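Treat the numbers as computed from the prediction; the structure is a model and nothing was measured.
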Amino acid sequence: MEIAHQKLIKDKMEKEDSWNLFGEWWKDIDINIKKAIVKPIDYTTASNLIKRYEWLQCMPAMVQYCFGIYFDGYLGGAVVYSTEYIENLGHWDKYDYTGKIILLSRGACVHWSHPHSASKLITQSMKMLPEKYKIVTATVDELAGEIGTIYQACNFIYIGSMRENNPKVNSRENDRFGVKINGKLYGARSIRQKLGTQKKDDILKIYPDAEFIPQASKKRYFYFLGNKTEKKHHKKQIQEFIKPYPKRY
């Protein structure tokens with residue numbers, strides 16, 4: 001299986017950052033994970049890091065909350081939570097998730113951060129979400145070489161593709177649209193966010209060399225918040241879909 005996009009980006013950024021007036025300045029930062037501080041950050045701070053390191057290189061629509069992890073006062077990573085993109089279509093009503101679910105839509109750590117930065121950032125930031133949220137969901141994209149290793153480390157449960165599990169409920173989650181622009185693959189949501197359209201003619205007017213290819217359905221993870229009774233109830237709603245974690249070979 002291919003190397004995840006974020007690993008490739010981190011390696012690239014480390015090389016680029018070393019070619020500056022201050023050299024490898026980050027080596028003086030204390031990256032002791034026990035001293036790391038997770039706290040809310042503003043949109044711009046999160047965006048600056050996400051756009052540099054994350055696969056889609058853009059912020060999602062309908063951002064609700066942003067959090068960062070700091071080492072010695074330096075931002076070592078960021079996560080962004082957004083409105084779950086199919087919630088307003090009523091797709092989560094049958095699971096009793098509507099009004100309680102939020103999407104962990106973006107996340108990235110810089111090349112010099114502690115190896116456990118992402119897991120601490122995710123687990124701590126979920127605790128800082130408003131109490132009304134009981135379900136955190138996240139998707140992984142095989143196009144980016146992702147299998148959800150970090151979600152596995154954080155004890156999320158894996159259900160794979162919602163399209164495969166229940167086509168009627170999630171028919172719009174991923175329409176398998178894909179377009180390759182300047183070597184980067186975009187799905188339906190990401191190209192609409194970038195250009196405001198996913199119509200082939202409109203895209204070709206801007207990018208004549210765009211290549212249209214099918215996109216595999218994204219795979220989904222879930223994490224449950226709240227007391228034991230709440231966690232048990234919400235997990236039970238998708239119990240039949242739970243699968244073993246995918247592995248990187």
Response to the item:
Here the gap from Ile101 atom CD1 to Leu225 atom CG, rounded to the nearest 0.5 Å, amounts to 11.0 Å
Worksheet item: Distance from Ser113 atom OG to Ile33 atom CD1, nearest 0.5 Å?
Response: 8.0 Å
Item to complete: Could I get the full list of side-chain contact (heavy atoms from CB on, under 4.5 Å) partners for Ser119, not counting sequence neighbours?
Response: His116, Ile150, Cys154
Discussion item. Is it the case that the side chains of Tyr97 and Glu84 hold a donor-acceptor pair, with the cut-off being a distance below 3.5 Å and no angle test?
Written reply: no
Worksheet item: Which heavy atom in Pro246 sits nearest to a heavy atom in Gln152, and how many Å separate them?
Response: O-NE2, 3.0 Å
Worksheet item: When rounded to the nearest 0.5 angstrom, what distance separates CD1 in Ile69 from OG in Ser117?
Response: 4.5 Å
Worksheet item: Which class fits the ring pair Phe224 and His234: parallel under 30°, tilted 30 to 60°, perpendicular over 60°?
Response: parallel
Worksheet entry | 4.5 Å side-chain heavy-atom contact, Ile31 and Trp112 | yes
Worksheet item: Are Phe177 and Leu204 grouped together when hydrophobic residues (ILVMFWY) are joined by side-chain heavy atoms under 4.5 angstrom apart?
Response: yes
Worksheet, complete the sentence: Sorted by chain and number, sequence neighbours left out, side-chain contact (heavy atoms from CB on, under 4.5 Å) with Lys35 holds for Asp30, Asn32
Discussion item. How close do Val63 and Pro60 get, counting heavy atoms only, and between which atoms?
Written reply: CG2-O, 3.3 Å
Practice prompt. Could you list the residues that satisfy ring-ring contact (aromatic ring centres under 6.0 Å, His included) with Tyr223, not counting sequence neighbours?
Written response: Phe156
Worksheet item: So which pairs with a foot in residues 63-82 pass side-chain hydrogen bond (donor to acceptor under 3.5 Å, both in side chains), sequence neighbours left out?
Response: Gln64-Thr83, Tyr81-Ser125, Ser82-Ser105
Worksheet item: How would you list, by chain and number, every residue that makes a salt bridge (Lys or Arg N to Asp or Glu O under 4.0 Å) with Lys134, sequence neighbours excluded?
Response: Glu230
Fill in: Side-chain donor-acceptor pair present, Thr197, Arg192, cut-off under 3.5 Å
no
Practice prompt. Any chance you could measure Leu121, atom CG, to Met126, atom CE, to the nearest 0.5 Å?
Written response: 10.0 Å
Worksheet entry | Heavy-atom pair with the smallest gap, counting every atom of Lys231 and Gly226 | CE-O, 3.1 Å
Worksheet item: Sequence neighbours excluded, which residues qualify as salt bridge (Lys or Arg N to Asp or Glu O under 4.0 Å) partners of Lys100?
Response: Asp96
Discussion item. Hydrophobic clusters here meaning ILVMFWY residues chained together by side-chain heavy-atom distances under 4.5 Å, can you tell me if Leu103 and Met62 are in one?
Written reply: no
Worksheet entry | Test item: Lys132 side-chain N/O and Gly99 main-chain N/O as donor-acceptor pair under 3.5 Å | no
Worksheet item: Say you draw a straight line from CD1 of Ile242 to CD1 of Ile157; how long is it, rounded to the nearest 0.5 Å?
Response: 3.5 Å
Item to complete: For Val179 and Ala210, work out which heavy atoms get closest and say how close.
Response: CG2-CB, 3.8 Å
Worksheet item: Do Ile122 and Val79 touch side chain to side chain, with heavy atoms closer than 4.5 Å?
Response: yes
Practice prompt. Report the distance from atom CD1 of Ile181 to atom CD1 of Ile203, rounding to the nearest 0.5 Å.
Written response: 6.0 Å
Fill in: Minimum heavy-atom distance Tyr53-Ala108, with the two atoms named
CB-CB, 3.7 Å
